[in-house]
Q: 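First the structure, which I've put down as structure tokens, then a few questions once you've had a look.
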Amino acid sequence: MYSFDYQKAKSVADAAKVLAKDGDAKLLAGGQSLIAAMKLRLAHPSEVIDLGTIKELSGIKADSKAVAIGAMTRHAEVASSAAVKKAIPALASLAAGIGDRMVRNMGTIGGSLANNDPAADYPAAVLALGATVVTNKRKIAADEFFKGMYETALQKGEIITSVSFPVPKRAAYMKFKNPASRYAIVGVFVADSGTGVRVAVTGAGPSVFRVAAMEKALAAKFAPESVASIAVPEKGLNTDLHAKADYRAHLITVMARRAVEAAMK
Amino acid sequence: MTVKVSLTVNGKPASAEIEERTLLVNFIRDTLRLTGTHVGCDTAQCGACTIHMNGRAVKSCNMLAMQAEGAELVTIEGIAKADGTLHPMQEAFRQHHGLQCGFCTPGMVMSAIDLVKNFPDPSEELIREQLDGNLCRCTGYHNIVKAIKAASQTMRS
Ligand SMILES: Cc1cc2nc3c(=O)[nH]c(=O)nc-3n(C[C@H](O)[C@H](O)[C@H](O)COP(=O)(O)OP(=O)(O)OC[C@H]3O[C@@H](n4cnc5c(N)ncnc54)[C@H](O)[C@@H]3O)c2cc1C
Ligand code: FES
Ligand code: FES
């Protein structure tokens, strides 16, 4: 790891000030992705701004309409939150399936979304539920947030403060996971808001994406057979050591069908 | 440059001037000389470096020592009683032959204590599922799972 300056941010405004001054500074949430990247010298910030001590960035607020999760809330807290389990059980179970228990005790929702790993789980929930990413500058709709592999709409100096998820009528997430890392080879989040259905796929492409054909079929009839014969073209999907594009395409349909089944239970 | 880190380790205060980039596991092993916490993979995969920070299991190879500033840490050296009586989890690993070479054991034990804290009466299946952040290169999982199941009973009673 290259050397860097370190400081604990006292507030979001304080962190934003440092970011504005030093273009090579980086925010540190749990470090579960950033520290690994720094050890490999893939990231070499001049300054690390630790968000860990900003109390107002973590916590969960839920009512019958929405669940708001602070950026520094750990995966383990979302997984075990009674409020999340009640309002959006699919979101709690998604969080419970991220990495392993030690990773879940450190990793945060804000870090995961800012990182936008193509195989990360949270992006699927954010996109399928039509959540809003709240930053220190503005509110960003899910459809505008994910821009490509490791790319988001976040601008320099912009800090995620929370994410607000509307409570759906029913939803489920199904992940075909890499048995070693637990990242998604393909993960499909299906959400029925009552006024429409959204289907978001992670792990399969360079960044999370929606499947319009499935959404339309499910809006007409919310049943597993509605998606069972909808094939997603393999063009543009990822091929790597874990799976080829055609296999990922196949998995999307299978995971979507299982997610609909689970959502109906 | 250096920074000062102060925290509590196994009930005792500790502080040191360290480089900002010092990983928590290196602080524990090299600065504090508590070498029971192991480094297996150094890439957050194997769990050999698992310790407790404020009561929760974390991988100390994947975080900065500064992230533990002010925290209460417990390492494998801190779980037995002062008179040497083993923690029920350690005792169960001993009774059930839950270790072979022993390299993964400190991380396994720390992770397992956290597991039982969260799931006081775990089934074998749940133990296997929840232990997925810890790898045993000797592949002695069968007895590790038996040990955790047994310890969960003694820890409840
Ligand atoms: C062994 C292992 C297995 C894993 N398995 C999975 C898995 O199955 N599924 C999955 O989804 N993830 C997985 N992860 C990743 C994990 O979910 C991390 O939580 C996630 O990568 C983000 O890490 P973090 O919250 O610690 O953020 P950090 O690593 O601290 O930060 C990540 C990036 O986000 C930026 N950032 C952090 N917070 C903010 C903020 N509030 N505003 C703006 N930018 C910010 C940082 O500057 C940095 O660039 C795994 C990680 C490990 C080590
Ligand atoms: S050494 Fe930390 S997880 Fe392997
Ligand atoms: S006992 Fe040898 S690595 Fe687990």
Q: Specify which of A:V103, A:L40, A:I35 makes the most heavy-atom pairs with chain B at under 4.5 Å.
A: A:I35

Q: Tell me, side chain or backbone of B:L135 under 4.5 Å from chain A's heavy atoms, or both, or neither?
A: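 It is neither, since no heavy atom gets under 4.5 Å.
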
Q: B:M1 versus chain A, heavy atoms under 4.5 Å apart: side chain, backbone, both or neither?
A: side chain

Q: What part of A:A37 gets within 4.5 angstrom of chain B, counting heavy atoms only: side chain, backbone, both, or neither?
A: neither

Q: Enumerate the residue pairs fulfilling ring pair (Phe, Tyr, Trp, His ring centres under 6.0 Å) with a member in residues 53-86 of chain B, sequence neighbours excluded, ordered by first and then second residue.
A: none

Q: Under 3.5 Å, which donor-acceptor pairs link chain A to chain B? Give each pair on its own line with the distance.
A:
unit_1 : atom_1 : unit_2 : atom_2 : d
A:M1   : O      : B:R21  : NH1    : 2.7
A:Y6   : OH     : B:M66  : O      : 3.4
A:K8   : NZ     : B:M66  : O      : 2.8
A:G30  : O      : B:Q67  : NE2    : 3.0
A:Q32  : O      : B:N62  : ND2    : 3.3
A:Q32  : OE1    : B:N62  : ND2    : 3.0
A:K39  : NZ     : B:D42  : O      : 2.7
A:K39  : NZ     : B:D42  : OD1    : 3.0
A:K39  : NZ     : B:C61  : O      : 2.6
A:E77  : OE2    : B:R56  : NH2    : 3.3
A:D100 : OD2    : B:K59  : NZ     : 2.6
A:R101 : NE     : B:Q130 : O      : 3.1
A:R101 : NE     : B:Q130 : OE1    : 3.4
A:R101 : NH1    : B:D114 : OD2    : 2.3
A:R101 : NH2    : B:S111 : O      : 3.1
A:R101 : NH2    : B:S111 : OG     : 2.8
A:R101 : NH2    : B:Q130 : O      : 3.3
A:R104 : NH2    : B:Q130 : OE1    : 3.4
A:N105 : OD1    : B:R56  : NH1    : 3.3
A:N105 : ND2    : B:A57  : O      : 2.8
A:R182 : NH1    : B:D132 : O      : 3.1
A:R182 : NH2    : B:D132 : O      : 3.2

Q: For A:M1, is it the side chain, the backbone, both or neither that has a heavy atom under 4.5 Å from a heavy atom of chain B?
A: both

Q: What distance do A:M102 atom CE and B:C49 atom SG have between them, rounded to the nearest 0.5 Å?
A: 7.5 Å

Q: Which bit of A:L28 comes within less than 4.5 Å of chain B, counting heavy atoms only: side chain, backbone, both or neither?
A: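 Answer is side chain: those atoms of A:L28 sit under 4.5 Å from chain B.
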
